[in-house]
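The structure appears right after this line, and notes come after that.
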Amino acid sequence: MTFATKGAKIGVRKDAQEVRLCIGGRMARNNTRRTLRLFLMLTCVGIAVSGCADKVTFSDGVASSPYHEIFERELSGPLSEFQKEILADGVVTDSEVTEAQGRFKSCFEDLGYSVGIDPNDGSYTWSGKVGDDQAVVEAAYDECKEKFVSAVGPMYYDMKKNPKNEVFEDLIVECLKRNGYIDPGFATKMTGETIITLLTDENSACFQNPMES
């Protein structure tokens, strides 16, 4: 029994109630902004603080990356040591994401389930056996994902598709203009309602990978 498809796949779904754009494995409602999980960071503030955690230091690669703020948040948060080692230099290589995906796949399949990984966008299609409790399967999926790919996967595909970390909505608008789908003078803010108005099968590539379309 196939339960769901989850992962880093970029796609737009149109319906009467809402528009969802999944970018790098994270889902946003009614807008197209890619969002990444923000972890709470403990800060030493106030008088008579009895103890503070050591300040996290980051490599030059992280500091100079257009994604440095996201790297720093992930590295300062409750991320697995395996993923922190990969992110520590501010780069996620092809071989690193391949290893991470392989470990994730093995972890999930060792628990008795199956998962497919699309190497083009990092999307995961997973399933359990007939009679499996969906909540149990989802918990197993989440556990393996958090160990190996929860941050590494999205960072790899985000950096590959948008290396300068530009505002994604702006890239979509430029792609639509470049390909003649909208007027060069178009200046409307990209929102969920705007997507419903503009999105067609013909121009959907601009919403998925605007820099290469």
Side-chain angles (χ1 to χ4, degrees), residues 1-40 70-71 73-87 92-162 168 192 195-196 199-201 204-205 207-209:
M1 177 183 295
T2 298
F3 292 126
T5 299
K6 298 172 68 176
K9 190 170 185 178
I10 298 175
V12 177
R13 188 174 73 187
K14 298 171 61 179
D15 56 46
Q17 300 299 322
E18 66 182 1
V19 173
R20 296 184 178 184
L21 179 64
C22 182
I23 304 172
R26 289 160 164 75
M27 188 77 72
R29 293 192 177 199
N30 297 325
N31 63 70
T32 61
R33 183 173 298 278
R34 169 185 44 77
T35 60
L36 290 168
R37 182 179 303 168
L38 303 181
F39 295 110
L40 293 177
I70 302 170
F71 272 112
R73 287 174 185 138
E74 296 286 16
L75 290 168
S76 300
L79 196 64
S80 68
E81 289 304 315
F82 172 79
Q83 293 194 83
K84 284 186 177 182
E85 288 180 8
I86 292 178
L87 299 183
V92 181
T93 66
D94 293 346
S95 60
E96 286 172 335
V97 79
T98 297
E99 179 184 359
Q101 290 173 339
R103 292 195 182 199
F104 161 73
K105 190 173 189 293
S106 296
C107 174
F108 193 58
E109 292 180 345
D110 286 347
L111 295 174
Y113 310 113
S114 61
V115 62
I117 303 175
D118 187 335
N120 295 313
D121 59 17
S123 61
Y124 311 119
T125 304
W126 53 267
S127 63
K129 300 180 291 294
V130 174
D132 284 340
D133 186 322
Q134 182 172 356
V136 174
V137 181
E138 288 183 348
Y141 171 90
D142 290 338
E143 178 182 352
C144 292
K145 185 180 71 172
E146 292 300 321
K147 287 180 178 178
F148 302 112
V149 295
S150 60
V152 167
M155 288 301 297
Y156 173 79
Y157 290 101
D158 283 351
M159 294 175 72
K160 185 176 181 179
K161 295 179 181 297
N162 185 8
F168 201 76
I195 293 176
I196 291 175
L199 177 63
T200 66
D201 290 340
S204 61
F207 291 85
Q208 298 175 13
N209 194 357

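Position 1 is the first residue of the sequence, and the numbers go up from there.
- Contact record, Val115 with Phe108: CB-CD2, 3.7 Å, taken as the closest heavy-atom pair.
- Note that the CG atom of Asp110 and the SG atom of Cys144 stand 8.0 Å from one another [nearest 0.5 Å].
- Between the side chain of Asp132 and the main chain of Gln134, no donor-acceptor pair closer than 3.5 Å is present.
- Distance check: Ser80 OG to Arg103 CZ gives 9.5 Å after rounding to the nearest 0.5 Å.
- In terms of heavy-atom proximity, Val92 sits nearest to Glu96 at CA-OE1, 3.4 Å.
- Heavy atoms only, all atoms of each residue included: Phe207 and Leu199 are closest at CD1-CD1, 3.5 Å.
- For the pair Tyr156/Asp94, a side-chain contact is recorded, criterion being any heavy-atom separation below 4.5 Å from C-beta on.
- Remark: Lys145 NZ to Glu138 CD distance equals 10.0 Å, nearest 0.5 Å.
- Between Glu143 atom CD and Cys107 atom SG the span is 6.0 Å, to the nearest 0.5 Å.
- For the ring-ring contact (aromatic ring centres under 6.0 Å, His included) test, residues two or more places apart in sequence or in another chain that qualify with Phe104 are Tyr124, Tyr141.
- When all heavy atoms are compared, the tightest approach of Asn120 to Lys161 is O-NZ, 4.5 Å.
- Looking at heavy atoms from C-beta onward, Phe82 lies out of side-chain contact with Lys147 at the 4.5 angstrom threshold.
- Of the inter-residue distances, the one linking Leu79 atom CG with Leu87 atom CG reads 6.0 Å to the nearest 0.5 angstrom.
- For the pair Gln83 (side chain) and Glu146 (backbone), a donor-acceptor distance under 3.5 Å is present.
- In terms of heavy atoms, Lys84 sits closest to Glu74 at CE-O, 4.3 Å.
- Contact detail for Val152 and Ala100: the closest heavy-atom pair is CG1-CB, 4.1 Å.
- Contact annotation: the side chain of Tyr113 never approaches that of Ser127 to less than 4.5 Å [non-hydrogen atoms, C-beta and beyond].
- Between atom CD1 of residue Ile86 and atom OG of residue Ser95 there is a gap of 8.5 Å, rounded to the nearest 0.5 Å.
- A donor-acceptor distance shorter than 3.5 angstrom exists from the side chain of Ser204 to the backbone of Asp201, with no hydrogens or angles considered.
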